[in-house]
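All chains are named by letter (A, B, ...) in the order of the sequence lines, taking the proteins before the strands, and each is independently numbered beginning at 1.
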Amino acid sequence: MFAKVIVDVPAKQTNRAFDYSVPPSLQGWVEVGSRVGVPFGPRVLQGFVVELHETTTVDPKRLKAIRHVLDAAPPLTEELVQLGHWMSSTYLCHEVTALQAMLPGALKAKYERFVQASEAGSAGRTELLLLLPAQENILNYLRSKGKAKMEDLLDAFPEDGGLIRQMLDEGQLVETQGMKDRLATKKALTVFPPGAHEASEAATETHDAGTSGNAPGLGGSADLLAIAEELPARSHKQKEVLRYLHENPRPIRLTELMDKLQVGAGTVKGLADKGWIGLREVEVMRDPYANRHFEETKPLPLTPEQQSVYDDIAATLDSRSHQVYLLQGVTGSGKTEVYLQAISRCLEQGREAIVLVPEISLTPQMVERFKGRFGDEVAVMHSRLSLGERYDEWRKIMRRQVRVVIGARSAVFVPFRQLGLIIIDEEHESSYKQEESPKYHARDIAAWRARYNGAAVVLGSATPSLESIQKTKAAPGGKPEYKLLKMKSRVAGRPLPPVHIVDMREELRSGNRSMFSRLLHRGLEERLLKGEQTVLLLNRRGYATFVMCRTCGYVAGCPHCDISLTYHQVSRTLRCHYCGYAERQMELCPDCGSEHIRHFGTGTQRVEEELVKLFPGIRVIRMDVDTTTEKGSHEKWLTMFRNKQADVLLGTQMVAKGLDFPDVTLVGVIAADTVLNLPDFRSAERTFQLLTQVAGRAGRHQLPGEVFVQTYTPEHYSVITASRHDYEGFVEEELPHRRKLGYPPYCRLILITLTHEQVPLLVRTAEAVAQRLRELGAAEQENVFASGTGEDFFMNVLGPVASPIPRIKDRYRFQCVVKYRGEASASRIVAKVLDEFAERTTKDKLTISVDVDPQMLM
DNA sequence: AGCACGCCGACT
DNA sequence: GTCGGCGTGCTC
């Protein structure tokens, strides 16, 4: 038996499957999707089995054998292996990177090398040789430590790297290498009464070539009661333990036993020492929601609108066919209840469901609703869980203990085998696009998996992305790719709150230089008097505080990146968001020596300061990256706000999404249009979406709400249509712009970014790349034309131009944008060009990165 | 990514 | 004349 294995080396030259033989001892353990340890060159690496064959084309003499299988069951399904292959060609990433992205971080291999003084070396002929003092030192160091990590040794003897290599060659030192998962499974001391068998926790067992698994056998069953009788009277605690274990002859966590019987650890350990009971470390599951109670929720009666949407989805589920729905429902139209009932239907069919929500709205409230409906059938996956917690949630899926997963972007990869439904809530959110390699979009992955499994996808949003809405329209000569479902009315029947646009230029003209307009100021005042709450949103993207000299105009910039530094109040430092560079806030302008140097822009910190100044005694909760990094802090602030321990919730985007507080009657947007000025063809769309969403936050319950949107461009259609809650109106305005400029949804984009330390070489290469892309694009165009398939192919290359941030970490950046249409894949052409340039890029230490369907042209 | 093999400058 | 710089190429 032979296996094709993708090895854990994300590099161009190793981005293919390598052949290995499967040794007899591992027959049956190696499957497609197995994670294995394989010898690769001089070391043993992790790899993924992507194919199994009876024969191989590789010369048997060159074949090596798989060393270990790292898991009891393959962590990847056949489906995911195929998906990985598709991802690597679609997103132009290395195949391992794609496969790795599907697994919890805990399963990413950690490689360690150890060095040890060799036994033979110290006893044998080396004693006859003259040892250099440095050699003596190294040997002594290793003898005192026994076995040292290679990196520690090199740290201890930074000068002697060559010598160490030599000693390894001569056999004075021996090297061993290890390959571990990122983390150990959590272990807990567990008490075993005699005869009680260990629960099978095989998920992380390693099966090595050459050794057969040994089952832990447990010995005879001494009568605990009899032992208890013979104990001296003063050992009543020990007797108690024995009696308990006699009555409950199953393994129990030591901590639980101690808790139950109010005995100390020593008592139990004493019994274990005498051999009457077993006490061992056993793997346990972490459950982040262990101590939480979830109120069971019953399905709610559906409104006619909800019912018809549900019926449509249910019909697709029943027929087990593949269909993508775009569910456009205004905020408060009850999309979640539709999701829940569709999932129920899916589960009834014995199939599984994935629910994706933007990271930011994966709030306890959301989790509660799903846990409340489906109880233990739900696993939750998001980045706020620890590595271990996420791993355990994933293992629940592997063991078929859950059938519903709710999670952020990466949950789209969970290894379900009977996938019936994928729901993507707030489908327009940019967080569904991964910004690092593999730069996938969860929406694409969902569509792929749905096609593979004959499953349904529901994309839900009040403000669908233009790409999605476009796909609901009939393509020329075919039926629409997505089916559009609409929910126009709010369940509670409460109207959407009035939205007032405040022209900040007018404010300035009237002499109001504050960041709060008079209307918003009055609104805040009223809320404080009435004891109602306010949400203030600061659209901070591109609006960080920078430091400028008012005398000469000097702006503090990062010495390594072409971007202004951001002022951080807490540490009184200036920091670069791209490379982490930091320096102390300056007192005087370094250019002209003026004292009039201060920070500009409106950070949340400044808004908070201003609020406190204007409304003494006001209680403000500020939520931004600075206050929400700590685990659970998010939840803490929101709970505080819900309990009315604050008057104002002030924050960035994260306060706009999915929050629902009964006493919020005022929503203020400090500066609506900061995003409009970014080099982003989606800026109008983003502005519209954000404003619409935040407007939906006010007055969701009994109290009516109102919304103030402060802006410097009140005439912009994104602001106007958002204030009217008019999605169709926005789309009507925006689409012609996109068409005119040739942007999505009228074409697709590939962003190619090149970086190098020096501009001339960078520009030369970038131009050569663009040139080559144009050549191949033109050739393809001719091909398509000549073949007469009538396919709508088109490809246009823009650039190269300097990137919006022209330098990061001392590397200059240039970019080309490929606009294309049609199935004759432009990504294939890009891949070809990249391949042609591969040699030059490694030689010149130039990097080229590719982003298919970029969110922004940065 | 590592690591080895291989061809040109400053040293015993 | 050698030690060692890192350029080039390979890993089943």
Side-chain angles (χ1 to χ4, degrees), chain A residues 1-24 26 30 32 34-70 81 85 88 92-101 108-115 130 132 134-135 149-151 153-154 158-171 173-180 182 209 436-438 756-757 761 834-849:
Chain A
M1 185 82 90
F2 303 95
K4 288 196 179 292
V5 175
I6 301 285
V7 293
D8 185 18
V9 181
K12 179 143 265 151
Q13 291 175 303
T14 49
N15 190 31
R16 62 187 178 89
F18 287 82
D19 292 43
Y20 287 89
S21 63
V22 180
L26 292 181
V30 176
V32 169
S34 291
R35 204 165 54 109
V36 292
V38 289
F40 194 70
R43 60 218 162 115
V44 174
L45 291 182
Q46 189 181 95
F48 296 96
V49 176
V50 292
E51 286 174 46
L52 279 177
H53 298 282
E54 292 301 330
T55 57
T56 177
T57 52
V58 177
D59 174 11
K61 282 195 284 293
R62 286 181 40 183
L63 270 186
K64 292 183 184 172
I66 292 176
R67 287 278 172 82
H68 340 269
V69 177
L70 302 176
V81 168
H85 191 73
S88 79
L92 306 175
C93 65
H94 301 123
E95 208 163 329
V96 244
T97 313
L99 296 175
Q100 214 89 254
K108 199 168 154 50
K110 220 167 79 184
Y111 301 99
E112 281 173 330
R113 301 159 68 198
F114 299 95
V115 206
L130 270 178
L132 297 166
Q135 279 177 305
K149 278 188 194 165
M150 179 66 100
E151 47 177 321
L153 183 67
L154 289 172
E159 307 285 296
D160 300 324
L163 185 60
I164 290 167
R165 154 115 296 122
Q166 187 190 331
M167 291 168 78
L168 281 165
D169 288 346
E170 288 172 3
L173 302 181
V174 199
E175 187 184 352
T176 45
Q177 60 157 334
M179 184 178 67
K180 291 199 310 195
R182 289 272 141 174
E436 311 88 57
S437 181
H756 193 259
E757 286 180 355
L761 178 72
L834 251 53
D835 220 44
E836 290 175 7
F837 278 82
E839 223 171 280
R840 283 168 70 175
T841 54
T842 46
K843 197 166 134 259
D844 298 338
K845 291 186 178 138
L846 194 132
T847 70
I848 306 184
S849 76

#### Entry: Derivation and outcome, side-chain contact (heavy atoms from CB on, under 4.5 Å), residues A:Leu846 and A:Arg840
CA-CA 8 Å; A:Leu846 194 132; A:Arg840 283 168 70 175; over 6 Å; no
### Query
Separation of A:Tyr111 atom OH from B:dG2 atom P, in whole Å?
9 Å
### Query
If only side-chain N and O atoms of A:Arg67 are considered, is one of them under 4.0 Å from the OP1 or OP2 phosphate oxygen of C:dC12?
no
### Message
Once you apply a heavy-atom cut-off of 4.0 Å, does A:Lys843 come out as touching a base, just sugar-phosphate, or nothing?
### Response
sugar-phosphate
### Spatial distance of atom NZ (A:Lys64) from atom OG (A:Ser21) [nearest 0.5 Å]
11.0 Å
#### Entry: Phosphate OP1/OP2 of C:dC12 contacted by A:Arg62 side-chain N/O (<4.0 Å)
no
### Query
Near A:Lys845 NZ, under 6.0 Å, is it more than 12 heavy atoms from other residues, nucleotides or ligands?
no
### Summary
note: A:Asn15, atom CG; C:dC10, atom P; distance rounded to Å ~ 17 Å
### Query
Once you round it to whole Å, what is the distance between C1' of C:dG7 and CZ of A:Arg840?
17 Å
### Message
Nearest whole Å is fine: how far is B:dA1 P from A:Ile6 CD1?
### Response
17 Å
### Task
Tell me which nucleotide among B:dA1, B:dC3, C:dC12 gets nearest to the side chain of A:Lys64.
C:dC12
### Task
Show your reasoning for whether side-chain contact (heavy atoms from CB on, under 4.5 Å) applies to A:Tyr20 and A:Thr56.
CA-CA 9 Å; A:Tyr20 287 89; A:Thr56 177; over 6 Å; no
### Message
Could you check whether atom CD of A:Glu757 has more than 12 heavy atoms from other residues, nucleotides or ligands sitting under 6.0 Å from it?
### Response
no
### Task
Whole angstrom is fine here: how far is it from CG in A:Leu45 over to P in C:dC10?
18 Å
### Rounded distance in Å - CZ (A:Arg16) to P (C:dC12)
9 Å
### Task
Answer with base, sugar-phosphate or nothing: what part of the nucleic acid does A:Tyr20 contact at a heavy-atom distance below 4.0 Å?
sugar-phosphate
## Note on the structure
Whole-Å distance, A:Met150 CE to B:dG2 P, equals 13 Å
## Note on the structure
Out of C:dT8, B:dA1, C:dC12, minimum distance to the side chain of A:Gln13 belongs to B:dA1
#### Entry: A:His94 NE2 - B:dA1 P separation (whole Å)
8 Å
### Task
Among the candidates B:dA1, C:dC12, B:dC3, find the nucleotide nearest to the side-chain atoms of A:Arg113.
B:dC3
